[in-house]
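Encoded as structure tokens, the structure appears first; notes follow it.
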Amino acid sequence: MRVLLVTGKAASKLVEEYASKSGVDFEVYVMPYEVAALIPPHEIAKKLKADNIKGFDFILTPGLISGDVSIIEREVGIPTFKGPIHAADLPYILPLLGKIELSKTEAACRILSLNRGFEDEEELKIIEEELRHSAFFDIAGVPIAKGSLRVVAEITFAPNKGVEGTLAEAREFKDVGADIIDIGMIAGDNKPDMAYELVKAVKSEIGGAISIDSLMPSEIMAAVNAGADLVISVDKGTIGELGDLPRDVALVVIPTDVKRGYYPSTIDEKIKGLEEVIDLAKGMGFKKIIADPILSPPLQPSLLESLAAYYEFGKKHPDIPLMMGVGNATELMDVDSIGINGLMAAIAAELDISMLLTTEASNKTRGCVKELCIAVKMAKLSKRRSKPMKDLSLSLLAIKDKRDLTLPPTAIEVGEPVKVSRKSSRTPDPAGYIKITIDKKRGVILTSHFKAGKLTCTLEGSKAEDIYDEFIKRGLITTLDHAAYIGKELYKAELALKLGKSYVQDEDLDFGFTSKS
């Protein structure tokens, strides 16, 4: 296979450099245009036809040129498609030519992403249908099957948040894909009326499967009366007090006896404790039973040993679904939750876990529900295809890039560099000064302009560019160094919103481990 790569003068060396890494036979054709994205397709067609270009299986044009490249194919008689936007993607795209259908109007990288997304969504639908047919039972329409990996999103300390706060969090969790919304009560603080009110509100306004997380029988009864479909954390000490519960309510049982201060530590003790509670629940007529051997945080005392308990229980009781509280890992490590959620979803898939409980109880775990929902989809696709959790349309890459698209110094004309140092101060802008912060709840940047100490206006928006454009339009930024400073600060604020970071004007975003000592 031979491929002709059409480009402009500025990018020609870069295109050749990256294409040479593909293992594909290629030739670079340089058009008399400095910027590749500005080359009209009809000009490429005219030039290639005039040069009587032959002997190629495919022609790839720059991904960012406008219009349809069909005219090139018609004039030259060689299949022509748009290539990637970035030359760095050539080593990945060139070997796929002839195996995938590229586009004559969209860049190759976008087409590949769209195709992968469609294929993944279709396969996830097939997986879902298979899980529905193999389910042990369902919880308010949510099939619970072996390896179903349902995400249970707990609203921690729900009574402290009240009805409105609980509803807001429930909506957010539902919107990002949570299968079950869990109302987390406060240990040792018995509030059955509040449990009833919170479950009732979420059930009526959000709908779907709702659970109550409490060890208080009175709270559990009140929540079920309000419409809770699932009770989390039923142990040997509480099961006997739940005789009045409807038998179609699902129960997550744990191997403890909190009333008597019993907490199993070994694998055998956990399995035995679970079996005892399960026997009691079955003897009372409950049919929908989920076992939770309880995930230990790393090193406290042992994440590995607790995972072994899941493994051993699953082998011994393949007919009983398992739940894993991955929040015990994300909340109890000062490590970014994205990677932890990805790894725990993979481990859960290997263990055929049916339900995953997570929380967003601290600032560092904001976004955990969304992360886990994405990780679960990745794990399902990976397990079905017997492939690693990579090269999917989904990913949990947030800080690091899969591929480095940075242009090397050779890609731009570089003279003798002049080393610059930071200015000690800026000249005050006669138009005034601007204070900046962010509102994480609403996802906006907030800015206030002052002149002579008095507020003149407040602007808000989600994009840095929109805000500084408005300031310039209003004549509130009048010096170059002030404009550069505000542009930098606004983009820093926008980045803080995207990453869930703290924003403090005039201070660098804290990335901790990357800082130089």
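Sequence positions, counted from 1, serve as the residue numbers for this chain. We use all heavy atoms of the structure for the numbers below, so side chains are in, but hydrogens, waters and symmetry mates are not. Please read all numbers here as calculations on a predicted model, not as lab measurements.
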Practice task
In plain terms, say whether Lys125 and Glu122 are close enough for a salt bridge, that is, a side-chain N and a carboxylate O under 4.0 Å apart.
Solution key: yes
Practice task
Could you tell me whether Glu128 and Arg150 make a salt bridge, using a distance below 4.0 angstrom between a side-chain N and a carboxylate O?
Solution key: yes
Practice task
Please determine if Lys501 forms a cation-pi arrangement with Phe511, meaning its NZ or CZ atom is less than 6.0 Å from the six-membered ring centre and no more than 45° off the ring axis.
Solution key: yes
Problem - Aromatic Phe26 / basic Arg2 pairing, under 6.0 angstrom, 45° off normal - result: no
Exercise for the section: Would you mind telling me which of Lys380, Arg385, Lys377 makes a salt bridge (charged side-chain N to carboxylate O under 4.0 Å, His left out) with Asp120? Expected result: Arg385
Just checking, is any N or O donor in the side chain of [X] or [Y] under 3.5 Å from an acceptor N or O on the other one?
X      : Y      : value
Gln505 : Thr437 : no
Tyr311 : Glu350 : no
Ser462 : Glu494 : no

Exercise for the section: For the pair Arg171 and Leu167, evaluate side-chain contact (heavy atoms from CB on, under 4.5 Å) and give the outcome as yes or no after the intermediate values. Expected result: CA-CA 6 Å; Arg171 287 190 195 97; Leu167 280 172; 3.9 Å; yes
Problem - Separation of Ile486 CD1 from Leu490 CG (nearest 0.5 Å) - result: 6.0 Å
Practice task
State whether the side chain of Glu106 and the backbone N or O of Ile111 hold a donor-acceptor pair below 3.5 Å, judged by distance alone.
Solution key: no
Practice task
Report yes or no: does Ser20 contribute a side-chain atom to a donor-acceptor pair with the main-chain N or O of Glu17 at less than 3.5 Å?
Solution key: yes
